[in-house]
Amino acid sequence: MKTNNQPDIALISYCGFYCGACPKYIKKECSGCKGDAPDCAVGYKTCKVRPCCIKNGFDSCASCNKYKTIKNCKIYNPLLVRFGQFITQTSRRKGIEMIKEKGESEFIRFMMDKNWVTIKTKKQ
């Protein structure tokens, strides 16, 4: 969090995670997907979202207007990611939708309050 009480939007990953709650980020083992270090982010080398956002100049997939909904983007929704989210009962898509609807600052405040990296779909 920035010192002027404004949320640090650089802590939002391209795909809608909140790095500020990530244990690896907190331990300084990762600089997030927006960092330049080759060890940043779990799937840094295999991620297809990151290069797409960089190529198109997006801060996150929330800036993309190519699809009516992020669900339709094949880059964002590969089968393995959907399966993993089903197992973990999380949804990065809901994060992108929240950013689109309420803005980055509100998304960060919500995620900080919950201390979540990604939106949980199971009732808490």
Side-chain angles (χ1 to χ4, degrees):
M1 182 110 172
K2 290 185 176 179
T3 55
N4 62 2
N5 286 340
Q6 291 299 313
D8 187 353
I9 61 171
L11 295 178
I12 300 173
S13 71
Y14 291 110
C15 68
F17 289 145
Y18 172 60
C19 296
C22 176
K24 284 188 167 272
Y25 184 86
I26 292 167
K27 291 179 193 173
K28 300 190 185 320
E29 295 173 2
C30 173
S31 58
C33 67
K34 293 182 179 174
D36 293 326
D39 63 341
C40 72
V42 175
Y44 178 77
K45 291 183 180 180
T46 60
C47 179
K48 305 279 189 260
V49 171
R50 181 180 189 275
C52 179
C53 284
I54 290 170
K55 176 184 167 193
N56 289 292
F58 299 150
D59 288 328
S60 75
C61 292
S63 301
C64 181
N65 60 8
K66 185 175 180 180
Y67 302 99
K68 185 174 180 172
T69 174
I70 193 77
K71 282 181 177 182
N72 298 334
C73 178
K74 301 283 186 224
I75 292 171
Y76 189 84
N77 290 303
L79 181 60
L80 283 175
V81 169
R82 290 193 324 260
F83 180 73
Q85 290 178 111
F86 173 78
I87 297 298
T88 60
Q89 297 182 332
T90 60
S91 175
R92 62 186 189 157
R93 176 182 53 84
K94 289 190 182 287
I96 292 296
E97 289 170 352
M98 179 184 279
I99 294 166
K100 281 186 170 198
E101 182 182 323
K102 298 184 177 183
E104 295 166 325
S105 294
E106 186 62 30
F107 169 76
I108 292 174
R109 285 185 189 96
F110 177 82
M111 299 303 276
M112 287 174 65
D113 182 55
K114 299 287 188 182
N115 196 34
W116 288 349
V117 174
T118 188
I119 304 282
K120 306 216 189 268
T121 56
K122 183 178 179 182
K123 298 229 180 212
Q124 297 300 313

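Since the model is a prediction, treat every value here as computed from it, not as a measurement.
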Backbone of Glu97 reached by a side-chain donor or acceptor of Lys102 within 3.5 Å:
no
query: Is there side-chain contact between Glu106 and Met98, with heavy atoms separated by less than 4.5 Å?
result: no
dist Glu104:CD -> Ile12:CD1 (nearest 0.5 Å) comes out at 4.5 Å
On a heavy-atom basis, the closest approach of Ala62 and Ile99 is CB-CG2, 3.5 Å
Is it the case that one hydrophobic cluster holds both Ile96 and Tyr14, taking links as side-chain heavy atoms less than 4.5 Å apart, direct or via other members?
yes
Only one of Pro51, Cys53, Cys52, Cys61 passes side chain to side chain contact (heavy atoms under 4.5 Å, CB included) with Ile75, and that residue is Cys52
Nearest heavy-atom approach of Asn115 to Ala21 is OD1-CB, 3.5 Å
- Item | Asn72 side chain reached by Lys66 side chain, heavy atoms, under 4.5 Å | no
Closest non-hydrogen atoms of Ile108 and Ile9, given as atom of the first, atom of the second and distance, are CD1-CA, 3.6 Å
Verify the cluster assignment for Ile54 and Ile70: are they in a single hydrophobic cluster under the rule of side-chain heavy atoms below 4.5 Å apart? yes
### Task
Establish, yes or no, whether the cationic atom of Arg92 lies under 6.0 Å from the six-membered ring centre of Tyr18 and within 45° of the ring axis.
no
Kindly indicate whether the side chain of Tyr76, heavy atoms from C-beta on, has any atom under 4.5 Å from the side chain of Cys15.
yes
- Query: Taking the side chain from Asn56 and the backbone from Phe58, do they hold a donor-acceptor pair closer than 3.5 Å?
  - Reply: no
Does Lys100 reach the main-chain N or O of Cys64 with its side chain, forming a donor-acceptor pair under 3.5 Å? yes
**Q.** OH/Tyr67: more than 12 non-hydrogen atoms of other groups inside 6.0 Å
**A.** yes
ask   = How about Leu11 and Tyr25: do any of their side-chain heavy atoms sit closer than 4.5 Å?
value = yes
Is a donor on one side and an acceptor on the other found under 3.5 Å between the side chain of Arg50 and the backbone of Lys34? no
Is the backbone of Gln89 close enough, under 3.5 Å, to the side chain of Thr121 for a donor and an acceptor to pair up by distance? yes
